[in-house]
S.K.: 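This structure is in structure tokens; I'll ask about it shortly.
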Amino acid sequence: MDVRGTVADEVEVRSVSTSYGETDLAEVQLVRTETGAAGHDERSLEDPEPTTVTLWNKWTESAELLEPGMELLVTDAETDDYRGETRYKTTGESYVVVEPSFLVNVTAIRNWTECPRLYYLNKLSGVPLNYPVVKGTLVHEVFGDLLRGRELEESIDARVEERGLQLGLLGEDPESVAEDVRQNAKAIEGWLEQGRLTEEDRAAPAAGNSERAFSPAESSWRSEQLLISETFGIRGRADAIRRGAPVELKTGKNLKKEPRFKDKVQAACYALLLEEHGGSVDTGTLLYTKNSALDRNEETGDLTPAKEFSMGDGLLKYVVRLRNEIAAAEVAGDVPTGYEGNATCEYCFEQDTCMVVSGRLDQESKAGQIGQPLPAEEREYFERFSGAIEAERREVHREYAKLWEQDAQERADDDRALIDLEFVERRELEAGRWELRARRTGGASSKLREGDLVLASDGHPVRGQSELARIERLDEDGVVLTADEPVAVTRLDVYPSELTTDRLLVALHDMLLKGDERRKDVLFDRANPEFDAPDETFVDNNDAQDEAVRKAVGARDCALIHGPPGTGKTHTIARAVRAMVERGERVLLSAFTNRAVDNALEAVLEQLGDAIDEHRVVRVGSESGVREDMEPYRLERAGDPDERLAELEDARVVAATTATCGSRVMKEQSFDAALVDEAAQLTEPGTFAATNLAERFVLVGDHEQLPPVVRAENELTESLFERLVDLHPDAGVMLDRQYRMNQRIQAFPSREFYDGTLRPAEPEVAGRTLDDLEGVSREALPADLRDPVAFVDVEGDGSRYTDSEEAARVAELIDAYEAAGVDRADIGVIAPFRAQVSELSSRVPPEVAVDTVDRFQGSSEEVIVVSFTATGTLEGPIFEDYRRINVALTRPKRALVLVGDSRALSADPVYGRMLEWART
DNA sequence: ACTCTGCGGAGAGGA
């Protein structure tokens with residue numbers, strides 16, 4: 001039986017004498033939780049009395065990692081009656097898994113075997129773009145193609161073409177790359193040819209058609225399948241599976257008789273994954289494709305590319321213990337020293353990096369340290385922020401765990417899955433990929449969007465047939481996916497990604513260890529930002545905007561532009577970009593969201609006007625992320641290396657999200673200036689992803705609007721923008737004239753959030769009302785709506801996240817505005833909760849924009865109706881952040897209606913002042 | 001208690 005639970009006490013390992021001699025054991029006090037069956041609420045089954053589980057022999061190594069509070073799983077345990085008390089103990093069949101819900105990557109285990117410190121360094125500094133890695137990836141892709149029945153030359157051409165941009169950056173010529181890949185592919189083909197003979201032997205008697213050509217796609221092969229094990233807490237993607245056993249491809253050479261140990265460990269990981277999925281694996285194959293072709297192996301015997309090896313129980317258990325070390329370190333937030341393993345530092349490729357990182361960050365390391373440690377404040381900063389990023393990573397891992405801890409309905413209710421799909425058809429695409437179609441049977445919403453990568457399964461994302469797939473199209477009726485395998489899709493699950501956290505960590509590392517000293521002096525308040533004063537007027541009729549552009553252009557270090565709602569910050573950015581480009585500078589334009597990047601880019605294109613050809617502009621990002629009208633500027637990854645490289649390098653303006661700025665391609669680029677829009681929505685490391693690429697930077701944002709979205713509560717919730725505004729007020733300019741709101745509307749937000757400094761840019765703005773709009777008459781409105789700010793008191797239905805009474809009232813209000821001549825498309829409705837947004841959407845005409853406060857940030861409408869959705873009290877985190885009210889109240893130009901329960905709203909001082917303002 | 005956008009999935013190699 002399996003025993004699972006939470007460690008209740010410190011664990012001690014001791015030795016006892018048994019009939020087999022001296023043996024180690026550890027007695028673990030475990031508060032048990034239910035295992036297995038999905039959908040059970042684990043907590044309800046908890047027995048608060050700890051049970052003793054004895055871990056024997058080598059499992060004591062994993063016991064040493066345990067801390068109270070950690071999760072532990074022991075498979076195939078045996079009961080053990082000890083003085084009338086039921087205990088459990090490991091058996092020869094048992095696996096002991098520490099923190100099983102923490103999914104460890106196969107590559108992580110592979111790196112950790114080599115050296116735990118290597119694992120850490122990879123995480124911290126990333127793997128830069130280099131040819132051996134790109135070539136290795138290409139060879140793997142071609143291998144996959146061959147297995148799926150694609151023709152060799154066609155595959156090589158297509159795969160090399162796909163990597164055009166990367167190859168261009170590496171200065172590689174497509175012909176020589178193709179030749180390189182061809183060399184390795186020969187070994188693969190030769191080996192497949194061998195396999196073909198045995199496959200035919202096997203297939204002939206059964207199928208009776210030995211004449212038929214061998215097709216890997218029809219044989220007992222699978223390629224590149226993503227596997228997840230909820231028992232072992234491992235995830236990974238095997239290169240290939242042949243008759244149920246893993247095949248790992250290596251592009252390098254290995255002239256030894258045996259496979260490299262780390263490669264064996266990798267294959268053993270896949271064996272564990274396959275075991276969980278019903279297989280039983282005792283051999284693995286490693287294919288070293290740089291070894292000489294088959295014809296030479298008759299003389300030398302051991303030069304054949306393929307090395308088969310048997311995987312015993314001992315290896316599999318060793319691998320689980322390794323995995324436990326990683327999970328325990330990740331959960332505890334430990335930094336590996338290298339002493340955990342037995343690697344020899346002097347043979348290590350990363351020895352220098354390792355010593356430098358250890359030296360600079362003053363970390364304990366087996367390789368030793370070189371160089372002076374960073375100043376104490378920088379090391380303290382690193383500790384704080386890397387800790388915060390790791391906390392984010394653990395939250396991502398909690399999302400993985402939900403793949404099996406939540407049942408289908410729970411996941412659907414959480415918007416994390418689309419369930420009850422009806423599989424319609426599969427269609428084979430070129431390169432052996434598949435297009436899958438499924439129909440939706442309910443109208444349920446979900447987080448899933450076009451372009452997302454999802455787990456497509458025939459029922460369960462971990463236990464059933466499942467495959468990583470991309471959503472090509474998604475609407476109310478159905479979904480179209482592309483995937484490597486033809487899964488009969490009935491369910492789609494969000495597939496969590498660590499990519500963003502990985503990139504945050506690398507950005508933090510790069511700022512501290514590769515960053516310019518002067519830059520760090522400014523960031524750590526050891527120096528003040530300096531400015532040159534350009535002798536030029538950039539904006540005629542707005543002093544603050546003009547000063548902002550002058551600061552941006554003249555900054556030697558950084559400039560900060562504080563742009564409250566409607567103050568023209570996007571225009572100011574665009575003007576600054578133009579000024580920089582005209583001075584011959586290369587500019588990076590970035591923001592957290594694709595939408596903000598495209599908005600800023602649109603303004604820049606407008607500013608540049610006819611000069612666009614001369615100052616080439618490029619948008620880097622994925623097809624699904626980039627707005628359609630910016631597609632002509634989007635940099636394609638595939639193509640001729642020289643052409644792609646030129647497109648990027650010749651661009652004077654490059655626009656990309658901060659996440660993309662952390663990509664390998666973008667990290668090869670450098671700029672004179674980085675302009676980051678909506679900077680108050682970025683974490684500090686997120687901001688660095690962009691600023692690391694440039695000599696100086698300009699942050700534009702408003703910290704009185706919504707802060708960064710993070711999963712864990714920590715230092716990441718304050719933006720670098722906000723911190724620097726406090727630290728270096730002289731580097732900042734606040735745009736104080738707004739071009740959006742009627743004076744009456746802006747009064748409260750200006751007073752409450754901007755010390756009364758925000759004012760209308762022009763009399764026209766101050767006095768604008770609905771009467772200015774074509775065919776609209778305020779006289780036609782009910783008397784209580786004629787003022788630009790109105791309050792409608794609705795007691796509410798008392799529900800938590802929806803309010804049908806408010807929704808009904810909002811629908812009436814919209815009718816009233818329509819009756820007065822307002823165009824539906826000029827009206828927006830804002831609510832705090834998504835549930836209320838869908839309630840409202842079902843009651844108002846589709847032309848009316850209805851969305852959450854968070855998603856409304858950045859846009860505006862003539863008329864805004866806010867549905868507060870709070871009855872009786874304002875309790876709940878959503879109401880606590882007053883910046884959310886600021887966003888909601890500053891969206892309208894000419895009319896604002898607040899709908900809510902006056903009793904609830906008056907209970908809070910800020911909401912109370914808002915109420916007074918709206919009612920007078 | 002809620003809000004929710006990003007990302008070439010994971011892994012590719014070098015003695």
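Keep in mind that this is a model prediction, so the values were computed, not measured.
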S.K.: Give a yes or no on whether a donor-acceptor pair under 3.5 Å exists between the nucleobase atoms of B:dA12, that is its base, and the side chain of A:Arg664.
M.R.: yes
S.K.: For B:dG11 and A:Tyr119 - does any side-chain N or O of the residue sit under 4.0 Å from the phosphate oxygens OP1/OP2?
M.R.: no
S.K.: Check for a donor-acceptor pair, side chain of A:Asn692 on one end and backbone N or O of A:Ala507 on the other, with a separation under 3.5 Å.
M.R.: yes
S.K.: Take atom P in B:dT3 and the same atom in B:dC7, then report the distance between them in whole Å.
M.R.: 23 Å
S.K.: What's the closest nucleotide to the side chain of A:Leu499 if the choices are B:dC7, B:dC4, B:dA15?
M.R.: B:dC7
S.K.: Between B:dG13 and A:Lys135, is there an OP1 or OP2 to side-chain N/O distance shorter than 4.0 Å?
M.R.: no
S.K.: Determine the contact category for A:Thr593: base if any of its heavy atoms lies under 4.0 Å from a base atom, sugar-phosphate if only primed atoms, P, OP1 or OP2 are that close, otherwise nothing.
M.R.: sugar-phosphate
S.K.: Distance check needed: B:dG6 P versus A:Arg627 CZ, whole Å only.
M.R.: 13 Å
S.K.: Using a 4.5 Å cut-off on heavy atoms from C-beta on, say whether the side chain of A:Val104 contacts that of A:Glu330.
M.R.: no
S.K.: If the plane angle is over 60° it's perpendicular, under 30° parallel, otherwise tilted; pick one for A:Phe102 and A:His397.
M.R.: parallel
S.K.: Write down the distance between CG (A:Asn594) and P (B:dG8), rounded to a whole number of angstrom.
M.R.: 10 Å
S.K.: Can you check whether A:Gln266 has a side-chain N or O nearer than 4.0 Å to OP1 or OP2 of B:dA12?
M.R.: yes
S.K.: Using a cut-off of strictly less than 4.0 Å, decide whether A:Arg834 has a side-chain nitrogen or oxygen near OP1 or OP2 of B:dC4.
M.R.: yes
S.K.: Does B:dA10 have OP1 or OP2 under 4.0 Å away from a side-chain N or O of A:Arg235?
M.R.: yes
S.K.: Please determine whether a side-chain nitrogen or oxygen atom of A:Thr657 lies at a distance below 4.0 Å from atom OP1 or OP2 of B:dC7.
M.R.: yes
S.K.: Name the closest nucleotide to the A:Lys262 side chain, picking from B:dA15, B:dA12, B:dC4.
M.R.: B:dA15
S.K.: Taking OP1 and OP2 of B:dG11, is either one under 4.0 Å from a side-chain nitrogen or oxygen of A:His140?
M.R.: no
S.K.: So does A:Arg503 get a side-chain nitrogen or oxygen closer than 4.0 Å to the phosphate oxygens (OP1/OP2) of B:dG8?
M.R.: yes
S.K.: Among B:dG6, B:dG11, B:dG14, which nucleotide has an atom closest to any side-chain atom of A:Phe592?
M.R.: B:dG6
S.K.: Using a cut-off of strictly less than 4.0 Å, decide whether A:Tyr801 has a side-chain nitrogen or oxygen near OP1 or OP2 of B:dC2.
M.R.: yes
S.K.: Can you tell me if A:Asn122 touches the phosphate of B:dG11, counting only side-chain N or O atoms and a distance under 4.0 Å to OP1 or OP2?
M.R.: no
S.K.: Determine whether the aromatic ring centres of residues A:Tyr400 and A:Tyr495 are separated by less than 6.0 angstrom.
M.R.: yes
S.K.: Determine whether the aromatic ring centres of residues A:His140 and A:Phe143 are separated by less than 6.0 angstrom.
M.R.: no
